[in-house]
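In what follows, chains carry the letters A, B, and so on, assigned in the order in which the sequence lines appear, proteins first and then strands, with residues in each chain numbered from 1.
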Amino acid sequence: MTRVDYESALTGVLEVARTHAEHVDREAMFPVKSVAALRTSGLMGMFVPREYGGLGDDLHAYIHIASRLAAACLSTAAVWTMHAFQVDGLTRFSGERLRERVLPAIAKGDIYIASVTTEAVKGADLFRAEAPLLSDDDEASFERSAPVVTGGRHADAFLITLRATPEAQPHEVSLVYAERNELRISEQGEWDPLGMRGTESVGLKISGSVPADQVVGQPGRFEDIARESMIPLAHVGWSACWLGAARGAFSDLLRWLRSPTRRGGPDIHSDLVRERIGRIRVELDLVSAYLTRLCDELTAARAEGRSWSDIHTRIRVNTLKLSASELTFKAADSMVQLAGMGGGYSKLAPIKLERHFRDLRSARLNHSNDRMWPATGALALLDPKVTLL
Amino acid sequence: MLNKPERSEWDEKFSTILRQVLPDFSPDVLIDPDQELRNLGLDSMKTVELLLGLESAYGAILFDDELDPRVFSTPRSLWTFVTERLDHDGTG
């Protein structure tokens, strides 16, 4: 799909996502109609190689689509983004037979993949798993609970982290691909959060058996998939989502501020108001520049066969996530302040800032910044030359 | 903890730091020089702790440049790196 093609595919999806965003948020329900539109658009084939009918791995297309979707409905954008980076992991690390079978179906929009990495005992630590995989020559079986599975009720397939064997250490993690019809799934817990309500991230108990070739990558080496694909693409994708949502909100705010028919609200001739507008603009531009620049770097590294897990890349990926999550929420907070009680704080306000504000509050909690700041500081200690992007 | 030096290949400071940072080394078993450190739970945060621990133990900055991740493959590769750096700095 060329840029023009995916632009036109996006246009239809955006209309659906925008139409249903408020309902999805109010009811805390999965954006079924938006995802149905994504399935028929061809955009679910992001990161599926072109020879299998997909969009290929153009990172700038990835952030463009994520960002545009997020301006319409951040929950829809997050669902698409998480599917997309799962697909990249699958494309790069699964065996030939699994690739041949599932990649064309993903590109057609027939398979939406959700991620199962959380676990009650170890929390959100991606690199640990407690529930073990039991394998013989032909089959791999498991039983596992996960407190948070975005889109868990609606996914057609899952990528699931498991301890490599019953004897393995918790850090020896394998990744398994399983389709819904191979699993027994029951729901646990309830879903009623402050924001990102449409992601419907329910808790699941999952058990099942899959053919042995559905173990993705080397057994026990999920870390390789995470470092070379999923983690960088997750942070890039989520950052694009947050930026897209904040940018969309800012665009609405500026149009409202300039509207000649607006009654009440801030005076755009005031220096204070203009300074606030200027600060929001600067914050969004800084995130945009870092996001785009990092995509250039990651694209070049992949093209040259360089790893994404060196210290510099990891610091930069973390830097993007930390700055995007903090600055986009700060921008949303400033927008609410600027628009005031009547303009931005209420669900009934002329511009819909409050949903973006609630959604963007999740950014610092999602892969928590409380863990990422010290981790980034520790990595920075390993780079005394201070090699900046 | 063992009471005598583990191997002639390295000194006791080295094995003490290894055991502090990677408690998965069984206290009753000699450290295998060719054991994969990542299989003992060496992640990026523990890599930092290992380096800082070694720098503190030997009173020297062990690296100031690109760090080859292969240094952290096994106790043997890490010890080779440490001794080379100490010889280079003249602090060993």
I need the contact set between residues 304-325 of chain A and chain B: heavy-atom distance under 4.5 Å, sorted by residue number.
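Hits under 4.5 Å: A:H312, A:R314.
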Within residues 216-228 of chain A, the residues sitting under 4.5 Å from chain B by heavy atom, in sequence order, are A:R221, A:D224, A:R227
How long is the straight-line distance from CG of A:L382 back to OG1 of B:T47, given to the nearest 0.5 Å?
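B:T47 OG1 to A:L382 CG: 7.5 Å, rounded to 0.5 Å.
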Could you state the interatomic distance from CG (B:N39) to CD (A:Q169), rounded to the nearest 0.5 Å?
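B:N39 CG to A:Q169 CD: 9.5 Å, rounded to 0.5 Å.
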Between B:L52 and chain A, with a heavy-atom cut-off of 4.5 Å, which part of the residue counts as in contact: side chain, backbone, both or neither?
side chain
Should we count NZ of A:K205 as having more than 12 external heavy atoms under 6.0 Å?
no
Check this for me: B:K46, atom NZ, are more than 12 non-hydrogen atoms of other residues, nucleotides or ligands nearer than 6.0 Å?
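Atom NZ in B:K46 is crowded, with more than 12 foreign heavy atoms closer than 6.0 Å.
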Excluding sequence neighbours, so at least two apart, what forms ring pair (Phe, Tyr, Trp, His ring centres under 6.0 Å) with A:F47?
A:Y62
A:L379 versus B:M45, closest heavy-atom pair with distance:
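Looking at all heavy atoms of both residues, the closest pair is CG-CE, 4.3 Å.
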Shortest non-hydrogen contact between A:A378 and B:V48, atoms and distance:
O-CG2, 3.6 Å
Which pairs count as salt bridge (charged side-chain N to carboxylate O under 4.0 Å, His left out) when at least one residue sits in residues 380-389 of chain A, sequence neighbours excluded?
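Residue pairs passing salt bridge (charged side-chain N to carboxylate O under 4.0 Å, His left out), neighbours aside: A:K385-B:D65.
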